Amino acid sequence: MNYFNWKKRLSQFVIVMLLITLFPLTGLAEETDIEPPLTGFEERNGEGWTTHQEELEFLEEVATLSDRVSYDQIGTSVEDRPIHLVRVGFPEPPSDEDIANGNNMLVIGTQHGNEAAPREMALELLRDLAFTEDEELVELLHDTTILFIPTANPDGREADTRSNADGIDINREHLSLSTLEVQAIASVLDEFNPDITVDAHERPRDSGNPDIEMLWPRNLNIDEELRSLNQEMVEDYLFPSVEEYGFSTGLYGTPGGAGGGDERIMRNMLGLRNGLGLLTETAGLQEPNYRVDAQLRAVEGVLSFYHDRFQEITSVVSGAPERQAFIGSEQNQPFYLDGADNWEPTNVIETKPTGYLLTNNQADAMATHMNLFSLEKEDVYSAGKYISMSQPKMAVIPFLLDKRATYNEVEGIALYNSQNVGTAANMNSLVDHFANESAFINERDVRTLKMQLTAIDRFEKNEDSTKVNKHLDGLIDLLDYQVDNELISEDAAGDLLQYAQLLKEKWMD
């Protein structure tokens with residue numbers, strides 16, 4: 001693909017304008033008399049990054065001059081700076097509903113504020129796409145919308161700090177969704193479900209060797225077809241493509257470090273959200289124009305890959321949610337709480353839960369996550385919510401809700417039977433699970449609990465709330481006795497006591 005880089009075509013543009021002045025052609029002059037704007041960085045020839053105010057003026061000018069571009073504010077930073085989403089399509093951007101239902105790609109610049117080159121890349125690229133006449137790019141823009149969040153961390157960029165204004169590294173919060181900036185990004189990912197997302201970064205203390213590093217999502221819970229295609233894009237397509245322009249390339253990170261499977265970072269979250277993802281990392285001590293150009297060449301390669309493999313990418317990405325929902329329903333398929341595709345996991349749930357039971361308070365605490373991950377939930381009478389693993393975004397659920405996860409948000413009750421959730425009968429099946437896991441000292445204590453739950457089940461079916469509550473009190477006393485005498489594991493007792501309290505809340509209403 002002959003990529004349209006405005007800086008490198010400027011001399012050609014001047015020549016064309018001169019010819020048009022001397023030999024005007026009907027219609028052609030109207031197509032070429034618009035001079036695309038330059039960023040502040042370009043105007044200073046790389047001797048100073050684009051300022052916040054210059055970015056605002058630049059976006060407005062591009063959107064005014066090109067019908068292909070629209071943008072709006074999707075959130076604000078801690079210090080109330082706007083975070084923008086730019087849409088580029090041909091002949092104009094579709095409606096957001098059509099973008100979400102069709103194909104799209106997202107480019108995110110400068111999550112870390114002291115990594116400036118990705119932001120400049122995003123601004124230059126969206127401008128170049130707004131005015132390019134390259135046939136392959138125009139064809140791609142006709143079939144898909146290219147989205148940009150040019151500056152994901154405007155406060156950090158203004159202060160030239162890695163973190164946001166609250167001192168938080170926002171690229172460690174894509175699971176917790178704890179910052180305004182991450183919530184804005186998550187809203188875009190959730191609404192549009194991009195086929196491919198570029199998460200552009202720099203290595204601030206590196207002077208090269210290689211010039212640019214790249215990596216795909218490595219988390220082991222990502223759809224296998226998706227990860228395989230993603231790895232192919234990086235190693236077999238992008239590396240050769242970028243190297244053709246004279247840049248050296250390499251894989252980012254080391255096993256177990258920043259290049260691993262950490263569920264909190266954007267790179268892995270992109271795969272957990274069922275899309276293709278690319279991390280780019282230029283060397284932050286190199287000359288600014290060189291770094292921006294390396295970023296541009298990498299994303300140029302992504303656009304070329306998207307164009308050339310469009311049908312395959314569409315098929316793999318669109319099929320991932322259904323495949324993930326099926327894997328989520330297969331309890332014999334493990335869930336990996338750590339590890340990556342380049343190092344062995346050490347914390348594995350061998351028998352996957354069917355889902356997680358949350359109290360109302362826990363469900364309320366998770367409301368933002370339920371919304372921005374589009375997680376499906378079921379009411380458990382009036383006492384709580386059940387989050388099934390049999391759904392498209394199943395890969396984030398244990399990370400959020402399982403007490404065994406490293407960065408969980410709440411400790412839900414992991415259930416291993418999805419029948420009649422929120423009943424004594426379902427709780428009885430949980431006792432069976434813990435018995436199979438050797439959570440009890442002897443079989444007699446298991447039988448005692450099951451007899452008590454069988455009685456409660458009978459009274460539940462008769463809707464005799466008085467006797468249900470009386471026997472639930474007896475069940476709680478029995479569990480307390482087993483805990484005091486160390487007859488049950490701490491984990492099993494905690495879940496069973498929490499379940500008993502949830503049933504009491506249900507029957508007190």
Side-chain angles (χ1 to χ4, degrees), residues 171-177 182 185-186 189-190 192-197 199 215-231 260-279 316-356 358 366 368-377 386-412 414-416 418:
N171 198 32
R172 298 298 182 273
E173 305 301 326
H174 291 287
L175 181 71
S176 71
L177 305 180
V182 167
I185 296 170
L189 293 171
D190 183 69
F192 297 110
N193 296 304
D195 294 335
I196 308 174
T197 300
D199 177 26
L215 196 59
W216 58 89
R218 285 191 181 275
N219 191 283
L220 290 172
N221 302 291
I222 293 166
D223 173 67
E224 287 292 341
E225 291 187 39
L226 204 63
R227 186 168 61 234
S228 177
L229 181 60
N230 214 152
Q231 183 173 351
D262 189 337
E263 63 270 23
R264 300 171 301 164
I265 63 177
M266 169 67 75
R267 172 176 55 81
N268 285 311
M269 184 54 70
L270 296 173
L272 295 171
R273 283 181 174 273
N274 298 323
L276 295 171
L278 172 69
L279 172 74
V316 170
V317 172
S318 63
E322 183 177 348
R323 292 192 297 272
Q324 287 292 84
F326 175 76
I327 291 293
S329 69
E330 294 288 288
Q331 288 184 268
N332 62 345
Q333 296 290 322
F335 191 91
Y336 302 96
L337 293 172
D338 67 358
D341 65 5
N342 61 336
W343 61 288
E344 290 297 319
T346 62
N347 190 6
V348 182
I349 302 175
E350 296 291 352
T351 301
K352 196 156 59 255
T354 59
Y356 293 83
L358 305 184
M366 296 300 296
T368 296
H369 301 80
M370 295 295 168
N371 180 38
L372 292 180
F373 286 116
S374 288
L375 295 180
E376 303 163 7
K377 57 185 181 295
Y386 177 63
I387 317 301
S388 171
M389 284 289 287
S390 181
Q391 57 177 301
K393 300 286 178 58
M394 74 89 187
V396 302
I397 294 172
F399 288 131
L400 289 167
L401 308 180
D402 199 295
K403 61 186 174 184
R404 294 163 287 189
T406 305
Y407 305 107
N408 59 33
E409 290 295 304
V410 300
E411 293 188 356
L415 299 184
Y416 300 86
S418 60

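The model shown is predicted, which means the values in this text are computed figures rather than measured ones.
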First locate atom NZ of Lys352, then atom OH of Tyr336, and finally report the distance between them rounded to the nearest 0.5 Å. 9.0 Å

Give the intermediate values and the outcome of side-chain contact (heavy atoms from CB on, under 4.5 Å) for residues Trp216 and Ile222. CA-CA 11 Å; Trp216 58 89; Ile222 293 166; over 6 Å; no

Check: Ile327 and Glu224 side chains under 4.5 Å, non-hydrogen atoms: no

Within a radius of less than 6.0 Å around NZ of Lys403, do more than 12 heavy atoms belonging to other residues, nucleotides or ligands occur? yes

Considering non-hydrogen atoms only, spot the tightest contact between Arg267 and Pro217 and give its length. O-CG, 3.1 Å

Please report the closest heavy-atom contact between Asn221 and Gln324, naming both atoms and the distance. O-NE2, 3.1 Å

Under a plain distance cut-off of 3.5 Å, with no hydrogens placed, do Gln391 and Ser388 share a side-chain donor-acceptor pair? no

Measuring from atom CG of Leu177 to atom CG of Leu175, what distance do you get when rounded to the nearest 0.5 angstrom? 7.0 Å

Could you measure the distance from the CD atom of Glu330 to the CE atom of Met394? Nearest 0.5 Å is fine. 10.5 Å

Once you round to the nearest 0.5 Å, how far does OG1 of Thr406 lie from CG of Asn347? 6.0 Å

Within-4.5 Å side-chain heavy-atom neighbours: Ile397 and Phe335: no

Can you give me the closest heavy-atom contact between Pro321 and Asn274, atom names plus distance? CA-ND2, 3.9 Å

Glu263 vs Asn268, side-chain contact (heavy atoms from CB on, under 4.5 Å): CA-CA, chis, key distance, verdict: CA-CA 6 Å; Glu263 63 270 23; Asn268 285 311; 5.7 Å; no

Supply the atom-to-atom distance Leu226 CG to Arg273 CZ, rounded to the nearest 0.5 angstrom. 14.0 Å

Evaluation steps, side-chain contact (heavy atoms from CB on, under 4.5 Å), between Ile387 and Leu400: CA-CA 11 Å; Ile387 317 301; Leu400 289 167; over 6 Å; no

How about Asp402 and Asn408: do any of their side-chain heavy atoms sit closer than 4.5 Å? no

Do the side chains of Val182 and Arg264 get nearer than 4.5 Å, heavy atoms only? no

All heavy atoms of Ile185 vs all of His174, minimum pair found to be CD1-CE1, 4.0 Å

For Glu409 against Ser176, the heavy-atom pair lying closest together: OE2-CB, 3.3 Å

I'd like to check Pro345 versus Asp338 (side-chain heavy atoms, cut-off strictly below 4.5 Å). Are they in contact? yes

Distance, nearest 0.5 Å, that separates CG of Leu189 from OG of Ser374: 11.0 Å

Would you indicate whether the side-chain heavy atoms of Met389 and Pro398 approach each other to under 4.5 Å? yes

Might you confirm whether atom CD of Glu344 has over 12 heavy atoms from other residues, nucleotides or ligands at distances under 6.0 Å? no

As a quick check of understanding, evaluate side-chain contact (heavy atoms from CB on, under 4.5 Å) for Met269 and Val396, giving each step before the final call. CA-CA 8 Å; Met269 184 54 70; Val396 302; 3.9 Å; yes

Quick one: closest heavy-atom pair of Ala395 and Leu272, and the distance? CB-CD2, 3.6 Å

Ser228 (side chain) donor-acceptor with Glu225 (main chain) under 3.5 angstrom: no

Check: Leu270 and Leu276 side chains under 4.5 Å, non-hydrogen atoms: no

Is there side-chain contact between Leu337 and Phe399, with at least one heavy-atom pair below 4.5 Å? yes

